[in-house]
Number of protein chains: 4
Amino acid sequence: MTGPPTTTQARTRAERLRQELREEIVTAAFEEFSQRGYHDTGIADIAQRLGIGHGTFYRHFKNKRDILDHVVDGLLARILEALAAENAPDAVDTLDEYVEQCRRISGALSEIFSADPRVARMLLLEATSIDAELTERVLGLFDTATALTAAYFMHGRELGYLRADLDVDGTARAVVGVILANLLQGLRTPADREAQRRTADAGLRLMFDGIARR
Amino acid sequence: MTGPPTTTQARTRAERLRQELREEIVTAAFEEFSQRGYHDTGIADIAQRLGIGHGTFYRHFKNKRDILDHVVDGLLARILEALAAENAPDAVDTLDEYVEQCRRISGALSEIFSADPRVARMLLLEATSIDAELTERVLGLFDTATALTAAYFMHGRELGYLRADLDVDGTARAVVGVILANLLQGLRTPADREAQRRTADAGLRLMFDGIARR
Amino acid sequence: MTGPPTTTQARTRAERLRQELREEIVTAAFEEFSQRGYHDTGIADIAQRLGIGHGTFYRHFKNKRDILDHVVDGLLARILEALAAENAPDAVDTLDEYVEQCRRISGALSEIFSADPRVARMLLLEATSIDAELTERVLGLFDTATALTAAYFMHGRELGYLRADLDVDGTARAVVGVILANLLQGLRTPADREAQRRTADAGLRLMFDGIARR
Amino acid sequence: MTGPPTTTQARTRAERLRQELREEIVTAAFEEFSQRGYHDTGIADIAQRLGIGHGTFYRHFKNKRDILDHVVDGLLARILEALAAENAPDAVDTLDEYVEQCRRISGALSEIFSADPRVARMLLLEATSIDAELTERVLGLFDTATALTAAYFMHGRELGYLRADLDVDGTARAVVGVILANLLQGLRTPADREAQRRTADAGLRLMFDGIARR
DNA sequence: GATGAATGAGAGTTCATTCAT
DNA sequence: AATGAATGAACTCTCATTCAT
């Protein structure tokens, strides 16, 4: 039932192909950057990976720095989306619910970082060494995570299922460090999902119970 | 009573000067690398900072990568030395003693990282983006810290002042993450020593007590 | 009374539209070239100015060099036409008639060059720096003007109203130089028509009377 | 009587070599630019002509535009020097002296332009098509020449050996056009010095006597 | 041993031109 | 016929490294 292609369809198709290529370039750039590193990757490497001329790259991205921004933006968006999806400090009213919430967040992050160790490599190792602006963006992610965590803490302290003397901000930072430990674990043993799970569990347990015997 | 310099003395003196210059180059390279970044720093920048010809650089170091190794080695040595100085898992026999020990280690690290934010910048941001070998060396530091922590945990669990069901390795990794949080705090608010202290305190408290109300 | 378009009419109409577009491209190219310069103008700039795709350009002109030829040809044609319109060495039989003739030629050139300073800019500054062939064509215009002037001189010398010892060729060249001075004045003070008129007048007076007191 | 080279001599020698190379680069650039044109000349062409690496070029000049400035500056300096050497409006008190002065100036310019047709090619054809700033510098030379000529005219008009109704400025511009005609002649018939001399003579005669029979 | 002039590999980027749609 | 996505030659410029002085 497809009639002859109308102008609108044609434009849509061209637009779609264009968009697809853009995304392929972002993906290829991510792969190259996370493997060889930003500085050791040439535009030609990215283009060659896709089998396109390297001039084509510049039809879609302003310059090398520009594609890096898009790569990082995509990763940050995925992470923020995952955090936002699980974000509901107000919906958590008991310690058990919060534990469960933390597990979900932990699981959502694992979904991203354990599934592809290159994500952590890209964000933690590469993106933090290009320039101040990009470093700021990545470290800003930690600030966001800290703020999110602090919101939960505040809520829990008010409702009384967290320590009354909890230093909300400082502890939130420490907990983001625990998350960082998980990312590092993913970098160190990319294939060992079990080790990653155990580190995540130990981190959660540390959060809630500390290490001391009761 | 100083006679004419003997050949031996001259060689010794030359040797000493040579050694001093080497160290000055390492220091200058550290300063440049941590400020401008490794890739944006030229050999000429390092040489100019010292007022030496940039050809002279190559009399003391094989190439640009080589000096980076020496810079990083120096930083790692300082940290390992600090950790080693406080390292005595066997000498800690009670929870209070371990808390105290952790405070000392935390203080020793602050001594290094808070005193000079460029150390964290160099190790965490720059050194992890050059090549696999160097990244490995830096991440290896975390492994070392993890192993050290795990030794304490093992000891504490055996002596009973730590939880009997403590996942020694996983928790050790999580705690190293807490340390990382302190380094990040130093990066984010280099001038705010108070914020750094509070983050460190919150981290210690998290370790021992967790966040839950008892 | 317009019936359905016949094939012949259609072809004719299409041909006319095609011709119009060609001319619009030449005009747009002239505007870009004379403003930004040949090398700093891209085919895309010309196309964009017309709101056509830059691929369309190549349906009408072989390449970038080709359009430049057409731009210059158009300008040269306008100038030659103006010169030819006033060209009548044989019709001038007295000094006064020749003075009048020179004024007319001067006026005709002003009509072209003062009306649009970009013409001189294009011909004198841009077109002479592309390649030998084009430079030759532009400089050839001066030869033509020289030959034309020389014809007048020859005629006037024969009829006796010009100096008997006049070096026809050399003086013709010098006089073309005076014309050039007018073009330069148009370049230097594009808005100051009065200055241009005065320079032209002074040039004519120089031609006929020289500078010395009698 | 040459002793052992002192440090001073060594530095002087290095400095001299450096200066020599700089000048060789300027010369080579002039040759390439005036032959192939600025845009068709690559830095590599200049370097190759000298048998040096193209990186060496950048040790001596900031970029391609920079060397062009130096080439043009050198040419302008030569011309201005020649003009300045003959510049003495006040020292000329009779028509004959002024004729003689004009001959000297004409000769001095011939010395430069006829000796090397590339000078005119470089200044008139190349340098006027790069950017506004450089065009301005070259056209400014004509302004200078005009001002100089006007000064002579003013002086001559005051002393009475030039026409009392002489339009000093306009005529000065026209006369600079006559000079331009000489440069063009040098471009058109670079080898025919006789033709150049005749054009120059005819120009001088035009200046003083005009073309009309008396 | 110190120097800095010389080098050239290699990078990012532009844009005239082609050609499938 | 019109389009603009794709192409890659070609260019300018940087900088780690070498080596004659």
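In what follows, every heavy atom counts, from backbone to side chain, and hydrogens, waters and symmetry copies are set aside. Note that the structure is a prediction, hence the values are computed from the model and not measured. Letters go in sequence order (proteins before strands), and every chain restarts at 1.
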ask   = Is A:Gln35 atom CD crowded by more than 12 heavy atoms from other residues, nucleotides or ligands, each under 6.0 Å away?
value = yes
Rounded to whole Å, OH of D:Tyr38 lies from P of F:dA10 at a distance of 19 Å
From CG of C:Leu21 across to C1' of F:dT3 the rounded distance in Å is 13 Å
Between CZ of B:Phe33 and C1' of F:dA16 the distance, given in whole Å, is 12 Å
To the nearest angstrom, the NE2-C1' distance between D:His39 and E:dA16 comes to 15 Å
Under-4.0 Å salt bridge between C:Arg49 and C:Glu32: yes
Distance col, row A:Arg22:CZ vs A:Phe57:CZ, nearest 0.5 angstrom, shows 10.0 Å
Heavy-atom closest pair (B:Leu125 atom, A:Thr135 atom, distance to 0.1 Å) is CD1-CG2, 3.9 Å
Rounded to whole Å, CD1 of C:Ile67 lies from P of E:dT17 at a distance of 12 Å
Read 5' to 3' with Watson-Crick or G-U pairs under 3.5 Å, [ ] for crossing pairs and | for partners on another strand, DNA chain F gives .||||||||||||||||||||
note: B:Ile43, atom CD1; E:dG4, atom C1'; distance rounded to Å ~ 14 Å
- Query: Does atom CD of B:Gln19 have more than 12 heavy-atom neighbours from other groups under 6.0 Å away?
  - Reply: yes
Regarding B:Lys64 and the six-membered ring of B:Phe33, is the cationic atom NZ or CZ under 6.0 Å from the ring centre and inside 45° of its axis? no
Side chain A:His54 and base F:dA6 donor-acceptor under 3.5 Å: no
Residue set satisfying salt bridge (Lys or Arg N to Asp or Glu O under 4.0 Å) with A:Asp45, at least two apart, ordered chain then number -> A:Arg36
For A:Gly55, which contact category applies under a 4.0 Å heavy-atom criterion: base, sugar-phosphate, or nothing? base
Residue pair B:Gly42/C:Gly53 against DNA chain F: nearer the 5' end by closest nucleotide is C:Gly53
Here the distance between atom C1' of E:dC15 and atom CD1 of C:Ile46, to the nearest Å, is 12 Å
NA contact type, D:His60, heavy-atom cut-off 4.0 Å: base, sugar-phosphate, or nothing?
sugar-phosphate
Residue pair C:Arg65/A:Tyr58 against DNA chain E: nearer the 5' end by closest nucleotide is A:Tyr58
What's D:Leu17 touching, base or sugar-phosphate or nothing? Going by heavy atoms closer than 4.0 Å.
nothing
On DNA chain F, more 5' by nearest nucleotide between C:Arg18 and A:Arg59 is C:Arg18
ask   = With respect to the phosphate group of F:dA5, does any side-chain polar atom (N or O) of A:Thr56 fall under 4.0 Å of OP1 or OP2?
value = no
Rounded to whole Å, the NZ-C1' distance (A:Lys64 to F:dC13) equals 15 Å
